[in-house]
J.: 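One structure is given below, represented as structure tokens, and several questions about it will come after.
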Amino acid sequence: MMDKVRVRFAPSPTGGLHLGGVRTVLFNYLFAKKHGGKFILRIEDTDQNRFVEGAEKYILDCLDWCGFKPDESPVAGGPYAPYRQSERKPMYREYAERLVKEGYAYYAFDTSAELDAKRKEINNFQYGHAHRMDMKNSISLPEDEVQRLLAAETPYVIRIKIPEGETISFIDLIRGEVSFEAGLSDDKVLLKADGMPTYHLAVVVDDYLMKITHAFRGEEWLPSAPVHLLLWRYLGWEDDMPKWVHLPLILKPDGHGKLSKRDGARLGFPVYAMSWTDPATGEVTPGFRELGFMPEAFINMLAMLGWNDGTENELFSIEELIDKFSLDRVSKAGAKFDFEKAKWYSAEWIKKTAAKQLAPAVNEVFKKNGITAEPIKLLAVIDMIKDRCTVMTDFVQQAGYFFKIPSEYDLNSVKPKWTEQKEEFFHSFSEILLGSAALTSAELEAQFKELAQEKSLKVGDVMLPYRIMLVGGKYGPAVFDITKVLGEKEAILRIGIALELFRA
RNA sequence: GGUCCAUUCGUCUAGGGGUAAGGACGUUAGAUUUUCAUUCUAGAAACAGGGGUUCGAUUCCCCUAUGGACUACCA
């Protein structure tokens, strides 16, 4: 039978976590949970030049927000620690040297300046079978020269020797059989001059050592898959090679190409899971969390970008996703990201979630906006208005006035038609309010209408002003329901305040 | 340029040799709500093109076109 499923998410900690990255985690996670396997987080920090302060912590926080708890990770530890590639540095050299010894790889002494010159000189230069012999490496150079360079501690890299005329094919769980002509790839660097492995070596070595059974990654990796395959073979581990799963890309909504954080800024929507502050520039890139997406909605939306369960259902909890998930229902083509649809998922999740569940998050956005809400009243208010919120932050505008006198009034909608007669009406209505605590909102509404008639006013001509007095704008649930939640005293107070403004 | 991958409404997609090509988002029109949103009803909207195979192709095959990814001592 198949070994226990082990999958890993292996991000490079260089900045914010992109939508596509989260979807890769999601599919990893769903697959692992579905099959009772382990989900591992491995940090691929082999590029010391791209080290970014705080990026790893940020990734951990993102996973946490989404609810993906890794079974093994740099912080949780695990049987295959360490889970940070920089801390595994010595292991990689051993395997690289082994490949050299066995003739599958070689030392290359070319400086980056020499490489650049070569690229300039030869169009579409590739460091491979065609030009290998023209370069400075342990294949082209005589043995004693190689030894001399090594002894002199000349900086070198180790490159894989890609064979010519060999076809590499493998099964991708989403695409089926894929094949490549190996010789078309160049001799990829496996070990850099600083002794760190490149992705190519590290991913193979670590996937092997960590007993990964299924390797999920973005489709952009497809072209380098043959290099990895060769590595698995040369290292003698082919039987342990994970199954490959290359996920379709998430594309820009307009035009074409991979979705990038630039597109978010340009088109006005988030691309990162949570907002990310670049420590170098202080630049803040907004995230779905800060915009007010519930993690459930974010995950649900991501899952549907490239997967469906074959029915017409589009709303799934994480448990349902785990239950229904299957790789053969993942589509092959890239999907353009649609922010409108994303917002729809958000609204649906807010609608279907109970007030009690929503309350903590609502409190949080309230706090950020200087609103304090009494718990009992908050629950009633959430139930009343959650249907009108698209994202959690909408609660500030849609529910804030229940707890705070409006800070702005839509005066343009009342002032032009304001009359003394109307003012008079509200004075009388305040009197009614004074003794209406026992009335239902329907009864109160009846009184309001009756009074309007008495004063020869059209109901509509005073209803809207009344709403604006309480709410500040032309939105919200039925005014008399608002009145009851607010309480008569508060309503009278607000009428008084607004009257001043309307009159002015 | 080369290699690989992909191609059903504007978008996400279902489907699969004979269908009215289904759903959702968005959009349009209407109803409800004396606000706004929700909700409800109805509508417009798609198989990239050309060859095959077949009694019959949107579905299978080939070619073309288009799009994308990759082509670093980055992942």
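When reading the values below, keep in mind they use all heavy atoms of this one structure, side chains included, and skip hydrogens, waters and symmetry mates.
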J.: How long is the gap from CZ on A:F337 to CG on A:L259, to the nearest 0.5 Å?
T.: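 These two atoms lie 7.0 Å from each other.
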J.: To the nearest Å, give me how far apart CG (A:D254) and P (B:G10) are.
T.: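 So the two atoms are 16 Å apart, to the nearest Å.
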J.: In whole Å, what separates the C1' atom of B:U28 from that of B:C74?
T.: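 One C1' to the other, the span is 48 Å.
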J.: Show me the protein contacts with nucleotides 22-24 of chain B, counting only N or O atoms at under 3.5 Å.
T.:
unit_1: B:G22; atom_1: O2'; unit_2: A:E312; atom_2: OE2; d: 3.0
unit_1: B:G23; atom_1: O4'; unit_2: A:E312; atom_2: OE2; d: 3.2
unit_1: B:A24; atom_1: O4'; unit_2: A:E314; atom_2: OE2; d: 2.8
unit_1: B:A24; atom_1: O2'; unit_2: A:E314; atom_2: OE2; d: 2.6
unit_1: B:A24; atom_1: O2'; unit_2: A:K341; atom_2: NZ; d: 3.0
unit_1: B:A24; atom_1: N3; unit_2: A:K341; atom_2: NZ; d: 3.2

J.: Using a 3.5 Å cut-off and no angle test, enumerate the donor-acceptor pairs between side-chain atoms of residues 115-127 of chain A and protein atoms at least two apart in sequence or in another chain.
T.:
unit_1: A:Q126; atom_1: NE2; unit_2: A:L184; atom_2: O; d: 3.4
unit_1: A:Y127; atom_1: OH; unit_2: A:D110; atom_2: OD1; d: 2.6
unit_1: A:Y127; atom_1: OH; unit_2: A:N137; atom_2: ND2; d: 3.0

J.: Between B:G23 and B:G30, how far is it from one P atom to the other, in whole Å?
T.: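 Taking atom P in both B:G23 and B:G30, they lie 23 Å apart.
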J.: Could you tell me which residues satisfy salt bridge (Lys or Arg N to Asp or Glu O under 4.0 Å) with A:D309, sequence neighbours excluded, listed by chain and number?
T.: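 A:D309 satisfies salt bridge (Lys or Arg N to Asp or Glu O under 4.0 Å) with no residue once adjacent residues are dropped.
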J.: Can you check whether A:N308 has a side-chain N or O nearer than 4.0 Å to OP1 or OP2 of B:A14?
T.: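 A:N308 to B:A14 OP1/OP2: side-chain N or O found under 4.0 Å.
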J.: Nearest-nucleotide wise, let me know which of A:I174 and A:F337 is further upstream toward the 5' end of RNA chain B.
T.: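 The residue mapped nearer the 5' terminus is A:I174.
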J.: Could I get the full list of salt bridge (Lys or Arg N to Asp or Glu O under 4.0 Å) partners for A:K332, not counting sequence neighbours?
T.: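 Salt bridge (Lys or Arg N to Asp or Glu O under 4.0 Å) check on A:K332 returns nothing, list empty.
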J.: Considering only heavy atoms, which members of residues 382-401 of chain A lie under 4.0 Å from some atom of RNA chain B?
T.: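 Listed by number, they are A:D387, A:R388.
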J.: Could you give the distance separating B:G18 and B:U13 at their C1' atoms, to the nearest angstrom?
T.: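 So the two C1' atoms sit 24 Å from each other.
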J.: Between B:A46 and B:C12, how many Å separate the two C1' atoms, rounded to a whole number?
T.: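 Their C1' atoms lie roughly 13 Å apart.
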J.: For A:M301 and B:G26, what is the distance between atoms CE and P respectively, to the nearest whole Å?
T.: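 For the pair A:M301 CE and B:G26 P, the rounded distance is 14 Å.
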J.: Does A:F180 or A:Y475 map to a spot on RNA chain B nearer the 5' end, using the closest nucleotide for each?
T.: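 Taking each residue's closest nucleotide, the earlier one in sequence belongs to A:F180.
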J.: Please state whether the phosphate of B:G15, meaning OP1 or OP2, lies under 4.0 angstrom from any side-chain nitrogen or oxygen of A:R329.
T.: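 Answer yes for this pair, as a side-chain N or O of A:R329 is under 4.0 Å from OP1 or OP2.
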J.: What does A:G306 touch in the nucleic acid at a heavy-atom separation under 4.0 angstrom: a base, only the sugar-phosphate, or nothing?
T.: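 Result for A:G306 = sugar-phosphate.
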J.: Do any side-chain atoms of residues 219-227 of chain A form donor-acceptor pairs under 3.5 angstrom with protein atoms, and if so which ones, sequence neighbours left out?
T.:
unit_1: A:S224; atom_1: OG; unit_2: A:W221; atom_2: O; d: 3.2

J.: With sequence neighbours excluded, tell me which residues meet ring-ring contact (aromatic ring centres under 6.0 Å, His included) with A:F402.
T.: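 Not a single residue meets the ring-ring contact (aromatic ring centres under 6.0 Å, His included) criterion with A:F402.
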J.: Enumerate the residue pairs fulfilling side-chain hydrogen bond (donor to acceptor under 3.5 Å, both in side chains) with a member in residues 174-185 of chain A, sequence neighbours excluded, ordered by first and then second residue.
T.: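 Residue pairs with at least one partner in residues 174-185 of chain A: there are none.
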J.: Considering only atom P, compute the distance from B:U41 to B:C25 and round it to an integer number of Å.
T.: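 Pairwise P distance, B:U41 against B:C25, rounds to 12 Å.
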J.: Sequence neighbours excluded, which residues qualify as side-chain contact (heavy atoms from CB on, under 4.5 Å) partners of A:A347?
T.: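 Applying side-chain contact (heavy atoms from CB on, under 4.5 Å) to A:A347 gives A:T390.
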J.: By the 4.0 Å heavy-atom rule, please label A:K343 as base, sugar-phosphate, or nothing.
T.: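 No contact.
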J.: Between B:U27 and B:A44, how far is it from one C1' atom to the other, in whole Å?
T.: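 That atom pair is separated by 9 Å.
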J.: Mind checking who B:U7 pairs with, Watson-Crick or G-U wobble, both distances under 3.5 Å?
T.: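 Here B:U7 is engaged in a pair, and the nucleotide opposite it is B:A65.
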J.: Have a look at A:Y83 and tell me which of A:D206, A:I40, A:L41 forms a side chain to side chain contact (heavy atoms under 4.5 Å, CB included) with it.
T.: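 Among the candidates, only A:I40 passes.
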J.: Could you list all the salt bridge (Lys or Arg N to Asp or Glu O under 4.0 Å) pairs where at least one residue sits in residues 443-461 of chain A, not counting sequence neighbours?
T.: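 For residues 443-461 of chain A: A:E424-A:K455, A:E445-A:K449.
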J.: Check ring-ring contact (aromatic ring centres under 6.0 Å, His included) between A:F403 and all other residues, then give those that pass, not counting sequence neighbours.
T.: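 Applying ring-ring contact (aromatic ring centres under 6.0 Å, His included) to A:F403 gives A:F366.
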J.: At 4.0 Å (heavy atoms only), tell me whether A:S179 reaches a base, stays on the sugar-phosphate, or touches nothing.
T.: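 Sugar-phosphate, backbone atoms only, no base.
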J.: Take atom P in B:A45 and the same atom in B:U39, then report the distance between them in whole Å.
T.: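 Between the two P atoms, the distance is 25 Å.
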J.: Looking at CZ of A:R494 and OH of A:Y409, how far apart are the two atoms once the value is rounded to the nearest 0.5 Å?
T.: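 Here the interatomic distance stands at 7.0 Å.
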J.: Take atom C1' in B:C60 and the same atom in B:G15, then report the distance between them in whole Å.
T.: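 Going atom to atom, C1' in each nucleotide, I get 16 Å.
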J.: Go along nucleotides 70-75 of chain B 5' to 3' and tag each nucleotide: B for a protein heavy atom under 4.0 Å from its base, S when only backbone or sugar atoms are that close, - otherwise.
T.: SS-BBB
